[in-house]
2 protein chains.
Amino acid sequence: MADRPLQVTVEDVAREAGVSRSTATRALRGHGRIAEATRTRVESVAGRLGYVPNLAASDLAAGGTGVVGLMLRDAANPVYGALFSRIEVAARDAGLELVTVTIGADPGGEQQVQALGRLLGMRVAGLLVATGGVDSHRLEPFASEVPIVRVGRDEPSAAIHAESYDEAWHGGLLAARAHELGHARVVVLGAEAATSFGEHERAEALVASLGATRVDRVATGAAPDDGVRDALAAVDAGATAVLCASDTRQLAVLRALAERGVDCSTSGWDGILPGLDLLGLSTVRVPVESAADAAVERLAALLDGDVDLPIHRRWRGELLPGRTLRPVEHA
Amino acid sequence: MADRPLQVTVEDVAREAGVSRSTATRALRGHGRIAEATRTRVESVAGRLGYVPNLAASDLAAGGTGVVGLMLRDAANPVYGALFSRIEVAARDAGLELVTVTIGADPGGEQQVQALGRLLGMRVAGLLVATGGVDSHRLEPFASEVPIVRVGRDEPSAAIHAESYDEAWHGGLLAARAHELGHARVVVLGAEAATSFGEHERAEALVASLGATRVDRVATGAAPDDGVRDALAAVDAGATAVLCASDTRQLAVLRALAERGVDCSTSGWDGILPGLDLLGLSTVRVPVESAADAAVERLAALLDGDVDLPIHRRWRGELLPGRTLRPVEHA
DNA sequence: GTGAAAGCGCTAACAG
DNA sequence: CTGTTAGCGCTTTCAC
């Protein structure tokens with residue numbers, strides 16, 4: 001191997017193999033007609049020299065990449081981790097190469113612009129957007145030039161494809177369960193719209209499905225234990241369950257409950273957390289896998305020029321009954 | 001905005017702004033001398049046209065990228081999720097742009113070669129390797145051309161930097177705890193070397209620290225409940241604790257124990273899982289944050305040409321006593 | 001089957 | 001302060 005493998009160019013490989021640059025390229029990329037003998041010779045020279053094709057050059061010359069870009073939200077959250085992982089696997093199975101850029105909790109801010117710019121600047125062949133943090137209006141101008149699929153969140157724009165979760169339905173599941181267990185006054189705990197649109201949407205879905213049930217809505221910031229105090233106050237005032245817009249929040253509530261020795265039903269939302277069965281969490285298992293698979297499949301189809309699906313689709317998960325949401329005890 | 005923003009070139013912007021291509025570039029990149037008036041004009045034209053610089057072209061012309069590459073292992077595991085997230089944040093704080101490629105559970109295989117090739121092909125300025133799945137000998141040839149920092153796992157090669165965990169010490173922590181609680185016969189449950197080197201290493205560390213304690217070593221495959229049956233058999237035969245090489249495995253054991261109504265101490269390793277406090281898991285909290293921060297900081301320093309650190313460093317976490325590893329009850 | 005030549009879109013000296 | 005001039009490394013017609 002050369003002492004500076006990354007400095008080796010096709011030119012070098014060609015010279016060393018005694019062929020022209022174009023022949024070397026052909027041999028390496030396996031396109032056009034080429035003599036088998038030449039091909040193997042060039043290949044072995046390339047290997048010996050440690051040649052690593054310069055992608056910038058090749059993308060530029062070829063006028064585009066085969067790579068698809070993924071914009072992701074902070075993976076510390078197991079839900080995004082699971083989504084990421086599943087997208088990754090699906091993409092690999094579909095023969096798509098993926099490059100990922102992540103975006104912190106910086107709604108509407110600098111980061112997303114930059115991340116999006118980077119991916120578009122790479123002239124990715126397609127875009128998967130798995131973060132609520134990116135506004136549709138930023139994406140929209142590019143929708144006609146590169147296929148964009150949003151995953152895990154509803155998409156308002158009709159120009160952008162989406163595979164999301166049927167959160168309204170999920171809310172119905174939880175509300176029905178709470179009702180069935182006799183809860184007549186509950187608190188709904190979840191972020192306000194500006195903090196996390198997803199959580200907000202979930203909370204609203206819950207409230208909407210709760211119908212006649214008396215609801216104390218606690219809208220909070222991003223930190224899991226934001227609003228826990230308020231929720232407990234409502235419990236003291238007579239609420240019999242704290243319905244949370246995410247499992248992380250539910251954990252915070254359980255922690256607070258345990259600490260104060262208060263007994264109260266809770267539920268969450270996500271259903272991804274390893275060990276949630278041991279904890280007995282009552283929650284909704286969100287269909288991460290379906291959405292991820294569908295998004296990748298859809299993108300692959302778009303890249304192939306096929307399109308026949310409705311532009312937006314929603315997937316349904318299931319209720320995990322658990323043990324934290326219990327029947328109301330009548331005094 | 002142009003009807004085809006991604007087709008707009010500096011040339012177009014320059015023409016529209018009535019300047020030359022190089023002036024336009026200068027205006028956009030803010031290098032060299034440029035009249036403030038021209039700059040704003042060019043900028044506004046670029047904005048209006050929806051110009052997105054072609055990075056392939058710019059990287060090629062500039063002879064390199066500013067981007068650093070991250071090779072990551074499957075993020076479904078909360079530990080990798082946490083690591084990923086922290087690296088991301090640290091990189092952002094350090095002003096580094098990150099592109100990530102992930103590698104499935106394909107030790108030594110095609111995927112890593114491809115992923116590495118993609119990053120090197122992009123001519124990244126530096127490389128962060130956060131997966132055990134990439135062999136050192138693949139990395140080594142490039143270590144002299146691009147700074148490479150391995151994170152979260154020991155690195156055998158002296159050419160490659162590393163910020164890893166002091167697993168031997170962690171093993172000591174757990175072993176001491178088990179001893180102190182009176183466990184005289186334990187089972188150590190963790191993957192075999194070929195399946196997960198990290199887990200294997202942990203298990204070995206445990207065994208080594210366990211000294212005179214009688215140990216049944218159960219070496220398994222990757223699935224969390226592999227080997228659980230064997231572990232329980234050892235418990236039936238008299239072992240008083242099952243020490244696991246990861247928290248995921250510990251969960252599997254707890255599940256099996258609960259199912260069979262058997263009572264037995266357990267411990268895990270990782271300490272990242274949200275809600276582990278509620279579960280009372282006894283485990284070691286691995287110093288993900290320290291390693292991630294150190295790795296990014298080191299890489300940034302390397303990119304600046306500073307180097308003074310020992311090439312390999314190890315970080316120490318802490319014991320989370322929990323409630324799953326309990327004193328042995330004497331009959 | 002192979003080589004020569006013309007760029008891809010951008011940057012970076014240089015002059016002016 | 002701005003325009004001109006060379007490329008960066010690779011792909012791709014098009015002749016031979």
Side-chain angles (χ1 to χ4, degrees), chain A residues 2 4-43 45-46 49-66 117-118 120-124 145, chain B residues 2 4-43 45-46 49-67 117-118 120-125 145:
Chain A
R4 320 223 56 207
L6 296 184
Q7 310 277 19
V8 177
T9 72
V10 244
E11 193 79 54
D12 299 324
V13 175
R15 191 178 331 109
E16 188 78 8
V19 296
S20 74
R21 180 158 23 106
S22 43
T23 302
T25 304
R26 245 179 253 122
L28 264 6
R29 307 199 72 254
H31 275 187
R33 306 203 178 301
I34 197 118
E36 186 54 24
T38 336
R39 234 213 48 219
T40 53
R41 182 156 38 92
V42 172
E43 239 162 26
V45 170
L49 264 37
Y51 170 65
V52 180
N54 184 321
L55 258 29
S58 96
D59 289 348
L60 182 57
T65 337
R118 186 127 54 79
L120 291 174
M122 292 176 68
R123 296 300 188 266
V124 290
E145 300 205 60
Chain B
R4 319 223 57 207
L6 296 184
Q7 311 277 19
V8 178
T9 71
V10 245
E11 193 79 54
D12 300 324
V13 175
R15 187 175 340 101
E16 188 79 10
V19 296
S20 75
R21 184 162 17 111
S22 46
T23 301
T25 303
R26 245 179 252 121
L28 264 8
R29 307 196 73 254
H31 275 188
R33 306 203 176 300
I34 196 126
E36 187 53 25
T38 342
R39 233 210 51 217
T40 54
R41 182 157 37 94
V42 172
E43 239 162 26
V45 171
L49 263 36
Y51 169 66
V52 180
N54 184 322
L55 290 173
S58 99
D59 289 348
L60 183 57
T65 335
V67 173
R118 188 128 51 80
L120 292 173
M122 291 176 69
R123 297 298 189 267
V124 290
E145 301 206 59

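A, B, ... follow the sequence lines: proteins, then strands. Residue 1 opens every chain.
Across the protein-nucleic acid pair, B:Arg21 atom CZ and C:dG9 atom P stand 11 Å apart, rounded to whole Å. Rounded to whole Å, atom C1' of D:dG9 lies 13 Å from atom CG of A:Leu6. Rounding to whole angstrom units, CZ of residue B:Arg33 and C1' of D:dT2 are separated by 13 Å. Rounded to a whole Å, the CD atom of B:Glu11 is 10 Å from the P atom of C:dC8. Atom CG in A:Leu60 sits roughly 8 Å away from atom C1' in C:dC10 (whole-Å rounding). Rounded to whole Å, the distance from CZ on B:Arg15 to C1' on C:dC10 is 15 Å. As a whole-Å value, the separation of B:Leu28 CG from C:dG9 P is 16 Å. Rounded to an integer number of Å, the gap from CE of B:Met122 to P of D:dG9 is 17 Å.
Within 4.0 Å of B:Ser22, counting heavy atoms only, lies at least one base atom of the nucleic acid. Nucleic acid contact for A:Thr25: base, since at least one base atom lies under 4.0 Å from a heavy atom of the residue. Within the nucleic acid shown, B:Arg29 comes within 4.0 Å of sugar-phosphate atoms alone, with no base atom in reach, counting heavy atoms only. Across all strands shown, A:Thr9 has heavy atoms under 4.0 Å from sugar-phosphate atoms exclusively, and none from any base.
Remark: A:Glu145 CD to B:Leu6 CG distance equals 4.0 Å, nearest 0.5 Å. With values rounded to the nearest 0.5 angstrom, A:Arg118 atom CZ is found 10.0 Å from B:Thr65 atom OG1.
A 4.5 Å side-chain heavy-atom check between A:Arg123 and A:Asp59 finds every atom pair outside the cut-off. Side-chain contact between A:Arg41 and A:Val19 is present, with heavy atoms from C-beta onward closer than 4.5 Å.
Taking only side-chain atoms of A:His31, from C-beta outward, the nucleotide of D:dC8, C:dT2, D:dT12 with the closest atom is D:dT12. Nearest nucleotide to the side chain of B:Ala57, out of C:dC10, D:dG3, D:dC1: C:dC10.
Here A:Ser20 reaches the OP1 or OP2 of C:dG3: one of its side-chain N or O atoms lies under 4.0 Å away.
Nucleotides of DNA chain D nearest to B:Val19 and A:Val10 differ in position, and the one nearer the 5' end is that of B:Val19. Mapped onto DNA chain D by nearest heavy atom, B:Ala35 and A:Asn54 fall at different nucleotides, with B:Ala35 at the one closer to the 5' end.
Screening B:Val42, B:Val45, B:Leu28 for a side chain to side chain contact (heavy atoms under 4.5 Å, CB included) involving B:Tyr51 leaves a single residue, B:Leu28.
For a distance-only test at 3.5 Å, the side chain of B:Arg26 qualifies as a donor-acceptor partner of the base of D:dG3.
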